[in-house]
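Numbers for residues simply follow the sequence, beginning at 1.
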Amino acid sequence: MTASARDQKSAKLKGILLLIGAIVVWGANWPVMKSGLSHVSPIWLSSLRFATGGLCLFALQALTGKLRFPPRKDWPLVVSVGLLQMMTFTVLGAIAMTEVPAGRSAVLAYTTPLWVTPIAVLFFREKLSRRQLTGTLLGGAGVVVLFNPFTFNWSDHALVLANLMLLTASFTWAMCILHLRHHKGVCSAYQLAPWQMLLASVPLIVMARVVEGPYDGDGSASLIETLLFMGPFATAFCFVAVNAASMWLSSTSMSTAMLGVPVIGLLMSVVFLGEHLTLTLAAGLLIISSGILIVTMKSPKRRAGRDKVSGKTVVAGENI
């Protein structure tokens, strides 16, 4: 293995570890958000989340000399991530959670493989290995089991609307995964993140003032603790880690790996919010976990295989 290949493998390992950390923190963030909604209205909560996360990154980058205004080539990504992945996804999820339990909200919001996989194959010509296809289908089946449409109260219009909001949120996230994967920019995910959060924060604050009225947070210690977790960790750290991973993981693998978030979120909701872990939920979690494992684990044959390309040795299956 060449030095370049070793460096690439090392960077990829660090990226995977960051992604795992982000999935755990984001999973935990769903019950935290649910708790925060008892102290402040949903759009104001979303506004505070990105305002505090953005301030953390602006301060850190300014202190370390890394702060940079994005060049013109990167502004399409700033706009799509800021307005779709951050603003739209988060505010739809927060509003929906006023009607839907945190665990179920996390499951529906991360149905991204149902959108990403067909679009990636049909429009971006991504090729699925048998392993990726199997894992993606298992992940989708697990989501259907967790959602369990046969027990859903379709006559409750507010509940139906909330669930549609979560599915719309998952679609906006899917579009950003595809954009991140195929965008050829200049700046890193870390450099772009504070500007994306700034772009998300401004319209969210205006929307909160218009829709929900003056700021209504109760100023309690619980609200402050919620914001300290949601801002620096669930926003600043997680968005940087996940968006960085989206740039080198295939769209299909990335969307399937992110199904780990609702698994963690559902388990955390059971432990800390007292939501019930039924047999159906347990089966869905097992199916989703199996799908993620199949997609993210390399087979021994692929790990050992090497291709000769233009006189260079390239590890097979590098772009999982």
Measure the spacing between CG of Leu45 and CG of Leu227 and express it to the nearest 0.5 Å. 6.5 Å
Any chance you could pull the hydrophobic cluster mates of Val206, using side-chain heavy atoms under 4.5 angstrom and chaining through other members? Val210
Quick one: does Thr98's side chain have a donor or acceptor within less than 3.5 Å of a partner on Ala94's backbone? no
Hydrophobic cluster (4.5 angstrom, side-chain heavy atoms) - remaining members for Leu63: none
Do the side chains of Leu273 and Leu223 join up, straight or via other hydrophobic residues, at under 4.5 Å, putting them in one cluster? no
Can you tell me how far apart OH (Tyr190) and CD (Gln61) are? Round to the nearest 0.5 Å. 4.5 Å
Does Val78 reach the side chain of Leu199, with side-chain heavy atoms less than 4.5 Å apart? yes
Name all residues meeting the ring-ring contact (aromatic ring centres under 6.0 Å, His included) criterion together with Phe237; count only those two or more places apart in sequence or in a different chain, and write none if there are none. none
Are Val40 and Val32 co-members of a hydrophobic cluster defined by side-chain heavy atoms under 4.5 Å apart? yes
Listed by chain and number, what are the side-chain contact (heavy atoms from CB on, under 4.5 Å) partners of Ser38, not counting sequence neighbours? none
Step by step, would you call Asn243 with Gln196 a side chain to side chain contact (heavy atoms under 4.5 Å, CB included)? CA-CA 11 Å; Asn243 288 347; Gln196 292 162 339; 4.1 Å; yes
Going by atom type alone, with no hydrogens or angles, which donor-acceptor pairs under 3.5 Å involve a side-chain atom of residues 15-31 and a protein atom two or more places apart or on another chain?
residue : atom : partner : partner atom : Å
Trp26   : NE1  : Ala234  : O            : 2.9

By side-chain contact (heavy atoms from CB on, under 4.5 Å) - contacts of Pro71 (at least two apart): Arg68, Asp74, Val186, Cys187
Where is the tightest heavy-atom contact between Ser105 and Met97, given as atom of each residue plus distance? OG-CG, 3.2 Å
Taking all heavy atoms of Ser47 and all of Ile205, pick out the closest pair and write down the distance. OG-N, 3.5 Å
Roughly how far apart are Ile95 CD1 and Glu212 CD, rounded to 0.5 Å? 7.0 Å
Give the cluster check for Leu138 versus Val144: same hydrophobic cluster or not, with ILVMFWY residues linked at side-chain heavy-atom distances below 4.5 Å. no
So if you build clusters from Ile, Leu, Val, Met, Phe, Trp, Tyr with side-chain heavy-atom gaps below 4.5 Å, do Trp75 and Phe58 land together? yes
Within the 4.5 Å heavy-atom criterion, are Val242 and Met258 side-chain neighbours or not? yes
Report the residues that fulfil ring-ring contact (aromatic ring centres under 6.0 Å, His included) with Phe123, sequence neighbours left out, ordered by chain and then residue number. none
Taking side-chain contact (heavy atoms from CB on, under 4.5 Å) as the definition, give me every residue that meets it alongside Ala162, ordered by chain and number, with sequence neighbours left out. Ala96, Glu99, Val100
For residues 259-272, tabulate all N or O donor-acceptor pairs below 3.5 Å that involve a side-chain atom, not counting sequence neighbours.
residue : atom : partner : partner atom : Å
Ser269  : OG   : Gly103  : N            : 3.4
Ser269  : OG   : Gly265  : O            : 2.8

Are the side chains of Trp195 and Leu67 in touch, meaning some heavy atoms are under 4.5 Å apart? yes
Linked, directly or transitively: Leu204 and Leu55 (ILVMFWY side chains, under 4.5 Å): no
Val240 and Ala236: which non-hydrogen atoms are nearest, and at how many Å? CG2-O, 3.2 Å
Value rounded to 0.5 Å, distance of CD in Gln85 from CG in Leu77: 9.0 Å
What heavy-atom pair brings Met197 and Gly54 nearest, and what distance separates the two atoms? SD-N, 3.5 Å
Identify all side-chain donor-acceptor contacts of residues 165-178 below 3.5 Å with residues at least two apart in sequence or on another chain.
residue : atom : partner : partner atom : Å
Thr168  : OG1  : Leu164  : O            : 2.9
Ser170  : OG   : Thr111  : OG1          : 2.9
Ser170  : OG   : Trp115  : NE1          : 2.7
Ser170  : OG   : Leu167  : O            : 2.7
Thr172  : OG1  : Ala169  : O            : 2.7

With heavy-atom distances below 4.5 Å as the criterion, would you say the side chains of Phe124 and Ile119 are in contact? yes
Close side-chain approach of Thr235 to Thr52, heavy-atom, < 4.5 Å: no
Under the ring-ring contact (aromatic ring centres under 6.0 Å, His included) test, which residues partner His179, sequence neighbours left out? His183
Heavy-atom pair with the smallest gap, counting every atom of Pro101 and Lys34: CA-NZ, 4.4 Å
Which pair of heavy atoms, one from Thr90 and one from Met86, lies closest together, and at what distance? OG1-O, 2.7 Å
With a cutoff of under 4.5 Å between side-chain heavy atoms, which Ile, Leu, Val, Met, Phe, Trp and Tyr residues group with Leu228? Ile224
Could you check if a side-chain atom of Pro203 sits within less than 4.5 angstrom of a side-chain atom of Leu83, using non-hydrogen atoms only? yes
Can you tell me how far the NZ atom of Lys184 sits from the NE2 atom of His182, to the nearest 0.5 Å? 8.5 Å
Interatomic distance, Phe50 atom CZ to Leu198 atom CG [nearest 0.5 angstrom]: 12.0 Å
